[in-house]
Amino acid sequence: MRKLASLFIIFALATSAWAVTGGYSLAVEGFSGFNQSSSVRLSGILDLTDSRYLTLEAGAGAGLDSTGLVFSGLNVDLAFRTFTLRDHIFSFLTTNPTLWSPRVYAGAMWDSSWNLAWRFGLSIFSFIDVLFTYEFLRPFVCFDDHFSWSGWGIDLIRVSYYF
């Protein structure tokens with residue numbers, strides 16, 4: 001009986017460790033300073049808490065310049081949800097009922113020349129529904145690998161889908 005109970009506990013712990021959900025997001029963004037570009041970024045997302053309180057995002061961006069399609073870099077971000085409100089003043093922005101849930105995030109970015117920048121941002125206009133997260137005007141600042149000012153940027157719109 002002890003072996004069976006031990007196996008059940010191990011199974012329960014193992015399956016809860018895999019209880020993360022995933023998804024992807026698409027963002028339209030622009031940089032000033034560090035990357036000097038505008039691009040579209042596609043990211044993969046892991047929801048580490050199964051309620052979007054803590055998400056890990058990894059992505060790559062591409063944009064257009066005078067020579068055509070260019071690679072604008074890679075990113076890895078960790079985002080924290082600060083609070084959640086069901087009845088909020090921004091409900092007119094979406095057609096579905098959403099939760100207003102501002103987020104703070106930090107991460108690393110690499111440009112096309114593999115220069116590193118640390119990125120810190122705030123997503124004030126972040127809204128969550130059952131399967132999607134919508135974010136508007138998500139600003140961030142960048143610091144180089146010695147934590148000297150390197151620039152800033154903004155995600156104009158970012159839509160994330162969780163499955």
Side-chain angles (χ1 to χ4, degrees), residues 16-84 90 93-96 98-163:
S16 67
W18 292 100
V20 297
T21 57
Y24 60 89
S25 72
L26 188 63
V28 176
E29 63 187 6
F31 295 88
S32 175
F34 171 68
N35 206 353
Q36 291 285 342
S37 70
S38 59
S39 62
V40 173
R41 184 166 303 275
L42 181 63
S43 300
I45 303 170
L46 282 179
D47 180 2
L48 302 175
T49 58
D50 201 30
S51 58
R52 296 186 226 165
Y53 278 103
L54 178 65
T55 58
L56 179 66
E57 305 170 1
L64 292 172
D65 70 0
S66 60
T67 62
L69 187 66
V70 293
F71 173 68
S72 65
L74 300 173
N75 71 293
V76 176
D77 295 323
L78 194 58
F80 305 95
R81 189 163 75 171
T82 56
F83 63 86
T84 302
F90 303 112
L93 291 174
T94 59
T95 58
N96 295 339
T98 59
L99 302 173
W100 178 36
S101 184
R103 299 183 338 147
V104 175
Y105 63 97
M109 297 186 68
W110 294 269
D111 66 5
S112 58
S113 301
W114 299 106
N115 296 316
L116 172 67
W118 299 103
R119 175 163 92 159
F120 303 94
L122 177 62
S123 181
I124 295 172
F125 303 110
S126 177
F127 305 97
I128 296 174
D129 73 5
V130 176
L131 293 174
F132 290 90
T133 298
Y134 309 97
E135 297 175 87
F136 306 98
L137 304 175
R138 180 179 145 169
F140 56 88
V141 294
C142 297
F143 298 91
D144 66 12
D145 54 351
H146 302 303
F147 283 97
S148 298
W149 175 261
S150 183
W152 63 278
I154 190 166
D155 289 346
L156 296 176
I157 186 168
R158 178 185 179 96
V159 177
S160 304
Y161 172 74
Y162 292 85
F163 43 83

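For the numbers below, each heavy atom of this structure counts, side chains included, while hydrogens, waters and symmetry mates do not.
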Inset, instruction - Check whether any side-chain N or O of Ser123 sits under 3.5 Å from a backbone N or O of Arg103 as a donor-acceptor pair, and report yes or no. - result: no
Inset, instruction - Please examine the side chains of Leu56 and Val76, heavy atoms only from C-beta on, and report whether any two atoms are closer than 4.5 Å. - result: yes
Legend entry - ring pair (Phe, Tyr, Trp, His ring centres under 6.0 Å) partners for Phe125, two or more places apart: Phe90
Legend entry - Donor-acceptor contact below 3.5 Å, side chain Arg41 vs main chain Gly73: yes
Inset, instruction - Decide if atom CH2 of Trp110 counts as having more than 12 heavy atoms of other residues, nucleotides or ligands within a radius under 6.0 Å. - result: yes
Legend entry - Polar side-chain atom of Asp47 near backbone of Thr49 as donor-acceptor pair, under 3.5 Å: yes
Inset, instruction - Flag the pair Leu93 / Thr98 as yes when at least one side-chain heavy-atom distance between them is below 4.5 Å, and no otherwise. - result: no
Inset, instruction - Determine whether more than 12 heavy atoms belonging to other residues, nucleotides or ligands lie under 6.0 Å from atom OH of Tyr24. - result: no
Inset, instruction - Return yes if some donor-acceptor pair links the side-chain N/O of Trp118 with the main-chain N/O of Val141 below 3.5 Å, else return no. - result: no
Inset, instruction - Report the relative orientation of the aromatic rings in Phe31 and Phe140; use parallel for angles under 30°, tilted for 30 to 60°, perpendicular for over 60°. - result: perpendicular
Legend entry - Thr94 side-chain N/O to Asn96 backbone N/O, donor-acceptor pair under 3.5 Å: yes
Going by atom type alone, with no hydrogens or angles, which donor-acceptor pairs under 3.5 Å involve a side-chain atom of residues 142-149 and a protein atom two or more places apart or on another chain?
residue : atom : partner : partner atom : Å
Asp144  : OD1  : His146  : N            : 2.9
Asp144  : OD1  : Phe147  : N            : 3.1
Asp144  : OD1  : Ser148  : N            : 2.9

Inset, instruction - For the pair Ser101 (side chain) and Ser126 (backbone), establish whether a donor and an acceptor sit closer than 3.5 Å, ignoring hydrogens and angles. - result: no
Legend entry - Sidechain-backbone polar pair: Arg81 side chain, Ser51 backbone, donor-acceptor under 3.5 Å: yes
Legend entry - Leu131 side chain reached by Tyr161 side chain, heavy atoms, under 4.5 Å: yes
Inset, instruction - Give a yes or no on whether the backbone of Ser160 and the side-chain of Thr133 come within a donor-acceptor separation of less than 3.5 Å. - result: no
Legend entry - Under 3.5 Å side-chain donor-acceptor pair for Glu57 and Ser43: no
Legend entry - Side chain proximity check, Phe132 to Phe127, heavy atoms < 4.5 angstrom: no
